[in-house]
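Report on the structure given below.
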Amino acid sequence: MDEIIESYGEVQARFEELDGYALDARAREILDGLSFTQDMMDGDVGHLSGGWKMRVALARILLMRPDLMLLDEPSNHLDIESLIWLEQFLRGYEGAVLMTSHDREFMNRIVGKVIEIDAGQLNSYSGNYEFYAEQRALAEKQQQAQFERQQAMLAKEIEFIERFKARASHAAQVQSRVKKLEKIDRVEPPRRRQTIAFDFPPAPRSGEDVVTLKNVDKGFGARKIYEGLDFQVRRRERWAVMGVNGAGKSTLLKLIAGAAEPDNGSVTVGGSVKMGYFAQHSMEVLDGERTIYESLEGWFPQAGQGSLRTLAGCFGFSGDDVEKPCRVLSGGEKARLVMAKMLYDPPNFLVLDEPTNHLDMATKEMLVNALENYEGAMLFVSHDRRFLAALSNRVLELTPEGVHKYGGGYTEYVARTGHEAPGLHS
């Protein structure tokens, strides 16, 4: 018994040293930060969707507090509240973090060094993403100037050699310059990064009233999502819909797109409105046996081959990629293909549910640039703060206390409310 008690004392001391008694509380704090409800915390992981399982895996790593964390796209499955919580967690984390990310704002707030992989070479930059982008642009500009100066010098030397190579009186000079050229270290031009740009055709003009919701009720079983909701989208308005998980963001988009029916009240789409609805399930309608190019050709039989290949290239399908059958595409590739279809023949009302999920930075930038000039109305849900700030001119905030409407875009919303998302209060 004495031996058992002694062993128990040692084990208990080690357990305390490892902070074992605080483990449950810390696990719940991390799960809460990642937007898990108490019921979900005590429920079966097997019943969770893929996105929530990814959060469980992330929570496990954060709880371990390792010396080094390797995070591959940690923000992909997070809502904006969880994303901001993760930023704060990582800023206070004392270990090293090596991560990939397509979220510009996330990188600006977290990273102190950027390693760029370019044509098999690693280039390191100290600073956040914005600093890296500025330094890279500056280095490219300097390299281009150096390349052009050397090309001008080489052209002069070659011209001299060609002009005097047949003259015996200049043979020594010609030979000297030939040797000089052979020894010169050639400056390479900066590698041209593929910049994605596409002029999307203008959307046809709709009437002033795009969609009107009057006295709308919607619930699932005993849970009421909306009661007596009145909301209207007018031409050229771009509404960002904000709200914590379960606030009814996707439900609102479904009601407006006709993918769900209200329990009471009316949803009226205005005259001459051509709606484009992008949701994660939009990808399920792709024909798995068709290739990317065949899909585009089927949707736009009148379009030329060059135009369709340019469109595919804009959304990250270059060269032989267009011959891939849709069944082998990843979730992100399917999303890009559906987006390409929507924007090639643009509607005048875009309803977008997390359009930037799984998009790389170049495609996101192309999308933001294309939609900045878009003249139709927009209603969208996104956790990408660059996308929210660049494209919204109205914010609809869904909270347990009710629905709040804000004139001005996401940047003004943050300034007025003092928080970046409804679930966060500073």
Side-chain angles (χ1 to χ4, degrees), residues 198-216 218 226 229-243 248-262 265-283 285 299-300 311 314-315 335-357 359 364 366-384 387-398 403 405-410 413:
F198 191 82
D199 292 326
F200 292 101
R205 183 177 169 141
S206 69
E208 286 303 313
D209 295 343
V210 175
V211 68
T212 306
L213 281 73
K214 277 191 181 163
N215 206 28
V216 165
K218 182 65 181 174
Y226 295 112
L229 174 65
D230 292 324
F231 175 58
Q232 185 174 50
V233 178
R234 295 176 64 79
R235 194 171 78 84
R236 302 194 77 161
E237 288 183 343
R238 298 159 167 223
W239 287 88
V241 184
M242 308 288 296
K249 300 187 295 291
S250 294
T251 302
L252 176 66
L253 270 54
K254 285 177 184 171
L255 287 168
I256 287 171
E261 293 291 323
S266 63
V267 178
T268 310
V269 176
S272 308
V273 170
K274 179 186 172 192
M275 191 188 305
Y277 175 47
F278 176 86
Q280 300 308 312
H281 68 74
S282 318
M283 300 166 330
V285 299
W299 293 325
F300 310 113
L311 173 68
C314 282
F315 285 89
R336 297 205 306 263
L337 182 55
V338 171
M339 196 81 68
K341 176 192 177 186
M342 188 185 295
L343 292 179
Y344 188 71
D345 180 21
N348 49 30
F349 181 33
L350 284 174
V351 179
L352 308 173
D353 196 355
E354 295 285 6
T356 59
N357 261 8
L359 296 187
K364 270 190 204 179
M366 181 276 297
L367 193 57
V368 166
N369 293 338
L371 293 178
E372 273 179 328
N373 302 316
Y374 172 75
E375 298 202 343
M378 281 175 69
L379 180 75
F380 63 91
V381 174
S382 177
H383 65 237
D384 188 294
F387 194 84
L388 287 166
L391 298 177
S392 60
N393 59 23
R394 303 275 190 287
V395 172
L396 183 73
E397 184 186 56
L398 311 176
V403 174
K405 297 164 190 162
Y406 296 87
Y410 176 71
Y413 161 81

Item checked: Qualifying residues under side-chain contact (heavy atoms from CB on, under 4.5 Å), relative to Val267, sequence neighbours excluded -> Val211, Leu213, Val216, Pro262
Item checked: Gap separating the CE atom of Met339 from the CG atom of Leu350, nearest 0.5 angstrom -> 9.0 Å
Next item on the list: Calculate, to the nearest 0.5 Å, the distance between atoms CG and CG belonging to Leu252 and Asp353 respectively.
Entry: 10.0 Å
Next item on the list: Take Leu343 and Leu371, measure what side chain to side chain contact (heavy atoms under 4.5 Å, CB included) needs, and give me the verdict at the end.
Entry: CA-CA 9 Å; Leu343 292 179; Leu371 293 178; 4.1 Å; yes
Notebook entry, point to check: Which value, rounded to the nearest 0.5 Å, describes the distance between Thr251 atom OG1 and Leu398 atom CG?
Noted result: 9.5 Å
Note to self: With salt bridge (charged side-chain N to carboxylate O under 4.0 Å, His left out) as the rule and sequence neighbours excluded, what pairs involving residues 271-280 come up?
What the structure shows: Lys274-Asp345
Margin query: Can you give me the closest heavy-atom contact between Leu359 and Lys364, atom names plus distance?
Written below: O-CE, 3.6 Å
Show which side-chain atoms of residues 373-382 pair as donor or acceptor with protein atoms under 3.5 Å away, not counting sequence neighbours.
residue : atom : partner : partner atom : Å
Asn373  : ND2  : Asn369  : O            : 3.4
Tyr374  : OH   : Pro347  : O            : 2.8
Tyr374  : OH   : Asn348  : O            : 3.4
Tyr374  : OH   : Phe349  : N            : 3.2
Ser382  : OG   : Asp384  : N            : 3.0

Notebook entry, point to check: Between Trp239 and Phe231, does the ring centre distance come in under 6.0 Å?
Noted result: yes
Notebook entry, point to check: Is there a side chain to side chain contact (heavy atoms under 4.5 Å, CB included) between Leu391 and Glu372 once you walk through the steps?
Noted result: CA-CA 6 Å; Leu391 298 177; Glu372 273 179 328; 3.8 Å; yes
Next item on the list: Under the side-chain contact (heavy atoms from CB on, under 4.5 Å) rule, collect the residues that match up with Asn215, sequence neighbours excluded.
Entry: Asp230
Next item on the list: For Lys249 and Val241, indicate whether the former's side chain and the latter's backbone hold a donor-acceptor pair under 3.5 Å.
Entry: no
Item checked: Closest non-hydrogen atom pair, Glu261 against Leu255 -> C-CD2, 3.6 Å
Item checked: Closest approach of Ser272 to Gly207 (non-hydrogen atoms, all atoms of both residues) -> CB-N, 4.3 Å
Check: Who are the side-chain contact (heavy atoms from CB on, under 4.5 Å) partners of Lys254, not counting sequence neighbours?
Finding: Ala259, Ala260, Tyr277
Note to self: Using only atom types and a distance under 3.5 Å, with no angle test, would you say the side chain of Tyr226 pairs donor to acceptor with the backbone of Gly248?
What the structure shows: yes
Note to self: Quick one, Arg235 with Arg205, criterion side chain to side chain contact (heavy atoms under 4.5 Å, CB included). Give me CA distance, side-chain angles, the key distance, then yes/no.
What the structure shows: CA-CA 9 Å; Arg235 194 171 78 84; Arg205 183 177 169 141; 3.1 Å; yes
Next item on the list: Report the C-alpha separation of Arg234 and Val210 in whole Å, then their side-chain angles, then the decisive distance to 0.1 Å, and conclude whether the side chain to side chain contact (heavy atoms under 4.5 Å, CB included) test is met.
Entry: CA-CA 5 Å; Arg234 295 176 64 79; Val210 175; 5.6 Å; no
Checklist line | Over all atoms of both residues, closest heavy-atom pair of Lys341 and Phe300 | finding: O-CZ, 3.3 Å
Next item on the list: List in chain and number order the residues that pass ring-ring contact (aromatic ring centres under 6.0 Å, His included) with Phe278, two or more places apart in sequence or in another chain; answer none if no residue qualifies.
Entry: none
Check: Could you state the interatomic distance from OG (Ser206) to CZ (Arg236), rounded to the nearest 0.5 Å?
Finding: 10.5 Å
Check: Say you draw a straight line from CD1 of Ile256 to OG1 of Thr268; how long is it, rounded to the nearest 0.5 Å?
Finding: 11.0 Å
Item checked: Glu354 and His383, any side-chain heavy atoms less than 4.5 Å apart -> yes
Item checked: Distance-minimising heavy-atom pair for Ser392 and Leu388 -> OG-O, 2.6 Å
Note to self: A side-chain contact here means heavy atoms from C-beta on lying under 4.5 Å apart; do Asp209 and Gln232 qualify?
What the structure shows: yes
